Amino acid sequence: MASSGVQLLGFSLSLVGILGLIVGTVLPQWKMSAYVGDSIITAVATYQGLWMSCAFQSTGQLQCKIYDSILQLDSALQATRALMIVGIIVSIAGLGVACMGMKCTTCGAEDKVRKARIAMTGGIILLVGSLSAIVACSWFAHNVIRAFYNPFTPVNTKFEFGAAIFIAWGGSFLDVLGGAMLAASCPRGKQVTKYPKSSARAPSSTKEYV
């Protein structure tokens with residue numbers, strides 16, 4: 001059974017990981033324009049995220065445009081959106097469940113085995129949420145790499161990884177570590193005493209008195 005210090009560390013890592021997932025999901029820098037080739041105009045840098053696309057000009061002006069229609073988006077982008085949202089919601093739910101089962105909380109403190117099982121369940125839920133986010137980030141990264149090395153992709157439309165995908169990746173891996181620490185709260189079985197109590201009674205006297 002994990003100690004309270006390990007549980008608190010796992011809770012802290014999971015909390016930071018969830019914040020990283022939220023920040024990474026909101027930011028538009030999931031992919032940015034790649035400056036490859038000989039004659040590329042670098043006056044404007046283009047960023048694309050899950051919810052909007054932005055253009056950063058050399059004058060310091062940033063212009064962003066939210067995607068108008070969901071149905072017009074690529075199916076891969078829609079799936080990445082869904083997986084990230086599911087990962088965030090499931091991770092938050094797992095963190096709430098784990099909080100009730102931690103040793104440093106007073107919820108159900110009279111039953112330690114039950115609290116350990118609740119903390120373990122919260123850790124498993126956190127692992128599921130973090131794996132969902134890892135799949136989303138890896139799938140998005142795979143699509144960026146495939147489009148970058150596709151010879152039919154125009155040079156001025158090639159993209160590379162942005163900062164947001166690395167933030168989301170970092171948050172998901174922190175969730176994995178925190179969830180694993182909380183899942184280590186698996187309760188042990190009841191210990192059986194090696195030396196049972198002696199139940200022998202004093203021998204009764206068989207002598208007969210006349």
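Note that the numbering runs from 1 along the sequence shown for the chain. Computed from heavy atoms alone, side chains included, the values below leave out hydrogens, waters and symmetry copies. The structure presented is a predicted model; accordingly, all values stated were derived computationally and were not measured.
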Can you find a heavy atom in the side chain of [X] that is under 4.5 Å from one in the side chain of [Y]?
X	Y	value
F173	S130	no
F161	M32	no
C54	K65	no
N150	R146	no

| message | side-chain contact (heavy atoms from CB on, under 4.5 Å), that's the test. Do K31 and Y47 meet it? Break it down for me. | response | CA-CA 6 Å; K31 61 180 181 179; Y47 302 99; over 6 Å; no

[X] [atom1] to [Y] [atom2] distance, which is reported to the nearest 0.5 Å:
X	Y	atom1	atom2	value
Q63	F56	CD	CZ	11.5 Å
L127	L177	CG	CG	9.5 Å
L131	I134	CG	CD1	5.5 Å
D68	L73	CG	CG	9.5 Å
W30	N143	CH2	CG	11.5 Å
T46	Q57	OG1	CD	10.0 Å

Which atoms form the tightest heavy-atom contact between [X] and [Y], and what is the distance?
X	Y	value
C99	F11	CB-CE1, 3.9 Å
M102	Q7	CA-OE1, 3.3 Å
K115	M100	NZ-O, 3.2 Å
A119	G101	CB-O, 3.5 Å
S132	G87	OG-N, 3.8 Å
G123	L182	CA-CB, 3.8 Å

| message | Using a 4.5 Å cut-off between side-chain heavy atoms of Ile, Leu, Val, Met, Phe, Trp and Tyr, which other residues end up in the same hydrophobic cluster as L83? | response |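 V135, W139, all in the cluster of L83.
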
| request: Would you please test F159 and F148 for side-chain contact (heavy atoms from CB on, under 4.5 Å) and show each step? | output: CA-CA 6 Å; F159 290 89; F148 184 87; over 6 Å; no

| task | Evaluate side-chain contact (heavy atoms from CB on, under 4.5 Å) for F140 paired with M84, printing each intermediate quantity in order. | result | CA-CA 11 Å; F140 190 91; M84 289 301 297; over 6 Å; no

| Can you hop from I165 to Y149 via hydrophobic side chains spaced under 4.5 Å? |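 Result: yes, single cluster for both.
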
| field | Hydrophobic cluster identity match, L77 and M52, side-chain contacts under 4.5 Å | value |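 No, it is not one cluster - the side chains of L77 and M52 are not joined through contacts under 4.5 Å.
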
Please tabulate, one pair per line, all N/O donor-acceptor pairs under 3.5 Å involving side-chain atoms of residues 12-29, not counting sequence neighbours.
from: S12; atom 1: OG; to: L8; atom 2: O; distance (Å): 2.9
from: S14; atom 1: OG; to: G10; atom 2: O; distance (Å): 2.8
from: T25; atom 1: OG1; to: L21; atom 2: O; distance (Å): 2.6

| Under 3.5 Å: donor-acceptor pair, side chain of K158, backbone of S33 |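 Looks like no, no N/O pair under 3.5 Å.
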
| query | Within the side chain of S91, is there an N or O that forms a donor-acceptor pair under 3.5 Å with the backbone of I88? | reply |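 Flag not set: sc S91 to bb I88 has no pair under 3.5 Å.
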
